**Student:** 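Have a look at this one.
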Amino acid sequence: DMKVTQMPRYLIKRMGENVLLECGQDMSHETMYWYRQDPGLGLQLIYISYDVDSNSEGDIPKGYRVSRKKREHFSLILDSAKTNQTSVYFCASSPGGEETLYFGSGTRLTVL
Amino acid sequence: GQQVKQSSPSLTVQEGGISILNCDYENDMFDYFAWYKKYPDNSPTLLISVRSNVDKREDGRLTVFLNKSGKHFSLHITASQPEDTAVYLCAAGENQGGSAKLIFGEGTKLTVSS
């Protein structure tokens, strides 16, 4: 069963704390993505990774960094979280040669 | 500015009617267009997509119309059902060596009333 798994599902952090959001996929997809979803703004692309250690900024990369050391894992890191990073974060993957995105269930992050 | 825009945040349609969802884009280089469906607290899933070399694609009750000169595409859902109630996200992008950096619209919440 093809799957994109995100952990954790819900997370509450205090301003200034570090945050690690994990994403895994079992489909050997080359490309992985991190989006955030905010009311009235839809899904905004934070980072895209074309393969291991081949990452590229999306439209809103400021305040975020990513790590992809294995094809099946893509992590989103917030160093010193800010309250305006409260959002729902979606990870997605797509196979090479295809544009279809397969999304994880999302992580709802609250930064107090 | 918003590269992909859905001007209607919400739409209500009677059961059995036609739902028409609209999306405008800015970038001439976009060559891939898609509609995703999202239920509350669930992840978006692909409904239907089309490449720029066609101006229409049908799949059951779903039809995507692409108007390249107007930089506009739409999703028509015929015989709308209550289970079609969801948020619909349009997306567009440019195929870059096999993958596309998809830009999403803000979403339109469709409610099908019985």
Side-chain angles (χ1 to χ4, degrees), chain A residues 1-7 9-10 23-25 27-51 54-61 68 71 74 87-108, chain B residues 1-10 21-27 29-53 57 59 64 73 86-109:
Chain A
D1 206 20
M2 300 193 298
K3 213 168 178 182
V4 178
T5 306
Q6 286 187 241
M7 296 292 287
R9 191 75 197 267
Y10 300 93
C23 177
Q25 48 100 359
M27 300 167 278
S28 294
H29 286 173
E30 295 171 358
T31 311
M32 295 187 75
Y33 311 76
W34 276 105
Y35 285 88
R36 65 179 278 179
Q37 182 180 34
D38 300 291
L41 293 176
L43 290 166
Q44 299 176 86
L45 181 64
I46 306 171
Y47 267 94
I48 182 172
S49 174
Y50 295 102
D51 212 327
S54 179
N55 307 319
S56 181
E57 292 181 347
D59 297 317
I60 53 162
R68 190 155 180 217
R71 180 174 276 193
F74 190 34
S87 186
V88 180
Y89 290 85
F90 284 100
C91 173
S93 70
S94 65
E98 252 193 61
E99 299 95 340
T100 304
L101 265 58
Y102 297 85
F103 282 89
S105 310
T107 294
R108 186 177 290 276
Chain B
Q2 190 81 13
Q3 289 194 62
V4 177
K5 190 155 182 58
Q6 295 175 253
S7 52
S8 298
S10 63
L21 300 146
N22 294 299
C23 190
D24 297 298
Y25 63 95
E26 294 181 355
N27 192 333
M29 300 300 293
F30 287 165
D31 56 5
Y32 173 81
F33 307 90
W35 285 94
Y36 282 74
K37 182 177 183 180
K38 185 182 179 306
Y39 291 114
D41 294 327
N42 261 310
S43 50
T45 54
L46 178 68
L47 269 182
I48 189 169
S49 63
V50 67
R51 294 182 190 275
S52 58
N53 57 346
R57 183 179 172 206
D59 183 3
V64 179
F73 61 109
V87 173
Y88 290 78
L89 298 160
C90 66
E94 181 186 356
N95 188 294
Q96 296 172 333
S99 55
K101 185 178 158 183
L102 283 187
I103 309 296
F104 283 82
E106 308 94 313
T108 296
K109 180 173 167 51

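Numbered from 1 within each chain, the chains take letters A, B, ... in sequence-line order. All values derive from a computational prediction rather than experimental measurement.
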**Student:** With rounding to the nearest 0.5 Å, note down the distance linking CD in B:E106 to CD in A:Q44.
**Tutor:**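 Going from the CD atom of B:E106 to the CD atom of A:Q44 covers 9.5 Å.
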**Student:** Is the number of heavy atoms from other residues, nucleotides or ligands within 6.0 Å of CZ (A:R108) greater than 12?
**Tutor:**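 Check fails, neighbour count at 12 or below.
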**Student:** Between atom CD1 of B:I103 and atom CG of A:L45, what is the distance when rounded to the nearest 0.5 Å?
**Tutor:**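 Atom-to-atom, B:I103:CD1 and A:L45:CG are 6.0 Å apart.
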**Student:** What residues form a ring-ring contact (aromatic ring centres under 6.0 Å, His included) with A:Y102, not counting sequence neighbours?
**Tutor:**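 A:Y102 satisfies ring-ring contact (aromatic ring centres under 6.0 Å, His included) with A:H29 only.
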**Student:** What part of A:L43 lies closer than 4.5 angstrom to a heavy atom of chain B: side chain, backbone, both or neither?
**Tutor:**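 Contact with chain B involves both backbone and side-chain atoms of A:L43.
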**Student:** Contact part of A:Q37 toward chain B, heavy-atom cut-off under 4.5 Å: side chain, backbone, both or neither?
**Tutor:**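 Interface part for A:Q37: side chain.
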**Student:** With a 4.5 angstrom heavy-atom cut-off, which part of B:L89 approaches chain A: side chain, backbone, both or neither?
**Tutor:**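 Contact with chain A: side chain only.
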**Student:** With heavy-atom distances below 4.5 Å as the criterion, would you say the side chains of A:L101 and B:Y36 are in contact?
**Tutor:**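 A:L101 reaches B:Y36 side chain to side chain.
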**Student:** Ignoring hydrogens and angles, tell me if any N or O in the side chain of A:Y35 forms a donor-acceptor pair with the backbone of B:F104 under 3.5 Å.
**Tutor:**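 It does not hold such a pair.
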**Student:** Under 4.5 Å from any heavy atom of chain B, what part of A:T100 do you find: side chain, backbone, both or neither?
**Tutor:**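 Both parts, backbone and side chain.
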**Student:** With a 4.5 Å heavy-atom cut-off (strictly below), which parts of residues 39-49 of chain B touch chain A? List them by number.
**Tutor:**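 Checking residues 39-49 of chain B against chain A gives B:D41, B:N42, B:S43, B:P44, B:L46.
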